[in-house]
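Each chain gets a letter, A, B and so on, in the order the sequences are listed, and its residues count up from 1.
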2 protein chains.
Amino acid sequence: MSDKKKDNTEEKILNAAQTVFIKKGMDGSRMQEIADQAGINKALLHYYFRTKQKLFEAIFAKVFKQTFPNIGKFMLSEMPIEEKLGTFIEKYISLILRNPFYPSFILKEISRDPEFLATVIKSQGVNPNEIFEMFEKEMEAGNIRRMDPRDLMINILAMSVFPFAAKPLINIMFFGNDKKAYNSFLKKRKDTVKEFVLNSILIK
Amino acid sequence: MSDKKKDNTEEKILNAAQTVFIKKGMDGSRMQEIADQAGINKALLHYYFRTKQKLFEAIFAKVFKQTFPNIGKFMLSEMPIEEKLGTFIEKYISLILRNPFYPSFILKEISRDPEFLATVIKSQGVNPNEIFEMFEKEMEAGNIRRMDPRDLMINILAMSVFPFAAKPLINIMFFGNDKKAYNSFLKKRKDTVKEFVLNSILIK
DNA sequence: ATATGATTTAACCAGATGGTTAAAGATATA
DNA sequence: TATATCTTTAACCATCTGGTTAAATCATAT
């Protein structure tokens with residue numbers, strides 16, 4: 001067998017599908033466009049992935065996994081909370097900066113097929129409870145303000161994700177369509193978000 | 001002319017279209033489904049709105065306008081900054097609580113047709129500069145921390161909007177699919193977001 | 001050399017979709 | 001009653017879309 005060829009084509013298809021699906025979503029994407037993008041024809045596309053649904057699920061699962069990186073390691077380590085949160089925010093926004101279209105893709109698709117979403121999440125084995133417990137210990141220790149740990153987690157995710165998900169909107173409304181200005185603004189978010197969060201919750 | 005009947009049908013269509021478009025987006029919506037939802041037939045639908053595109057644009061513009069309420073009045077008033085921001089956050093989250101699907105709809109569509117988005121925004125006459133200037137004055141007066149006013153605005157919008165836009169995801173991941181629990185959590189967001197923001201920026 | 005899998009070509013299909021049309025009813029107004 | 005508008009019915013069309021198929025070609029490992 002020509003494994004190399006097979007791998008290469010499958011990879012080409014997955015890359016093409018990711019490009020198209022991320023830009024246009026499941027509903028807005030066309031199999032023909034994915035085939036074109038991959039430099040192959042539609043027949044071969046179906047030869048590898050029988051249906052659009054299967055191809056989409058492969059992409060969604062892949063992107064979704066990348067969107068929730070392994071944060072357990074250092075979030076549950078012995079670092080001071082300030083450093084833990086700082087590291088997480090930095091890593092997370094860096095991840096999004098490397099994949100700026102992930103947020104809008106994920107947000108677009110999570111409401112389309114909740115059952116499939118549940119499947120993907122469960123196969124992930126994400127367990128935020130440990131992190132919530134860690135937050136609560138820090139509160140009891142008097143290191144951070146008392147609050148619902150879920151509020152804290154959601155606020156951090158929100159501030160990290162939203163400026164990318166709403167990019168076209170914010171770009172026009174707040175940056176006069178100056179894309180360079182907005183991009184350099186986004187690069188600074190690692191620091192500004194960190195500052196905003198720590199200023200809000202840290203007890204000095 | 002039977003203006004009443006006309007108005008009524010047009011309204012029925014707009015309501016139906018809003019329901020369907022908001023749930024499924026432009027690409028995922030079908031004219032037949034909108035007709036069914038309005039209790040009329042497809043021919044009449046095209047009699048009122050010639051094309052799907054025109055109907056969608058009507059809905060998007062309407063929803064978009066509602067999503068950016070008149071905040072100028074009190075944001076530029078003589079209230080202390082604490083009260084201004086508190087009022088805005090309360091009003092804004094209340095608005096979303098009344099229309100919980102607006103955020104995901106707007107986010108879904110803003111990246112689909114940026115030119116149309118620009119048109120809608122411009123027809124809105126939104127001018128955030130006055131509010132940014134107000135923020136800057138408050139910073140100079142030493143009432144709030146120094147920061148880019150756009151960061152502040154974006155953070156508030158992010159924390160208000162994100163938990164609704166990512167509802168299915170958060171609901172599964174953080175609330176074990178307990179919808180009631182998540183809904184009552186969302187109702188508290190008016191207070192928790194306000195607290196989070198003010199704790200971060202206020203200089204006491 | 002041949003068998004096997006990868007790839008292309010090209011035609012095809014069924015169903016859905018947006019949109020049109022014509023004719024007939026219904027309804028209100030003048 | 002006559003007129004104009006609103007509404008339905010139902011058939012129809014062109015196009016697109018996902019998906020299939022069969023035959024031919026290409027590449028490669030044995």
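Judged by distance alone, with hydrogens and angles left aside, the side-chain atoms of A/Lys167 form no donor-acceptor pair with the main-chain N or O of A/Ser104 at under 3.5 Å. Panel note: side chain A/Lys179, backbone A/Asn171; no donor-acceptor pair is recorded below 3.5 Å. Judged purely by atom type and a 3.5 angstrom limit, A/Arg189 has no side-chain atom pairing as donor or acceptor with the backbone of A/Ser160. In this structure, A/Asp113 contributes its side chain and A/Glu109 its backbone to no donor-acceptor pair below 3.5 Å.
Between A/Thr9 and C/dA6, a side-chain N or O to OP1/OP2 separation shorter than 4.0 Å is absent. Taking side-chain N and O atoms only, A/Thr51 has no distance below 4.0 Å to OP1 or OP2 of D/dG18. Side-chain nitrogen and oxygen atoms of B/Tyr47 include none within less than 4.0 Å of the OP1 or OP2 phosphate oxygen of D/dT5.
If you measure from atom CG of A/Leu44 to atom C1' of D/dG19, you get 14 Å, rounded to the nearest angstrom. When rounded to the nearest whole Å, the span between CG of A/Asn8 and C1' of C/dG5 equals 15 Å. Atoms CD (A/Gln32) and P (C/dT9) sit 12 Å apart, rounded to a whole Å. When rounded to the nearest whole Å, the span between CG of B/Asp36 and P of C/dG18 equals 12 Å. Rounded to an integer number of Å, the gap from CZ of A/Phe49 to P of D/dT20 is 15 Å. For B/Asp27 and C/dT17, the CG to C1' distance is 13 Å, given to the nearest whole Å. Rounded to a whole Å, the CG atom of B/Leu45 is 15 Å from the P atom of D/dC6. A straight line from CD of A/Glu57 to P of D/dG18 spans 15 Å, rounded to a whole angstrom.
When the nucleotides C/dT8, D/dG18, C/dT21 are ranked by their closest atom to the side chain of B/Ala43, C/dT21 comes out on top. Comparing D/dT7, C/dG18, D/dG19 against the side chain of B/His46 picks out C/dG18 as the nearest. Distance from the side chain of A/Met31 is smallest to D/dG19 among D/dG19, D/dT8, C/dA6. Residue A/Asn41 has its side chain nearest to C/dT9 when only D/dG19, D/dT17, C/dT9 are considered. Looking at the side chain of B/Arg30, the nearest of the listed nucleotides D/dT7, C/dG18, D/dG19 is C/dG18.
Remark: the A/Lys42 side chain and the D/dG19 base include a donor-acceptor N/O pair separated by less than 3.5 Å.
Along DNA chain D, the nucleotide nearest to B/Ile40 and the one nearest to A/Gln53 differ in position, and the one closer to the 5' end is contacted by B/Ile40.
Between A/Thr67 and A/Tyr92, some side-chain heavy-atom pair lies under the 4.5 Å cut-off.
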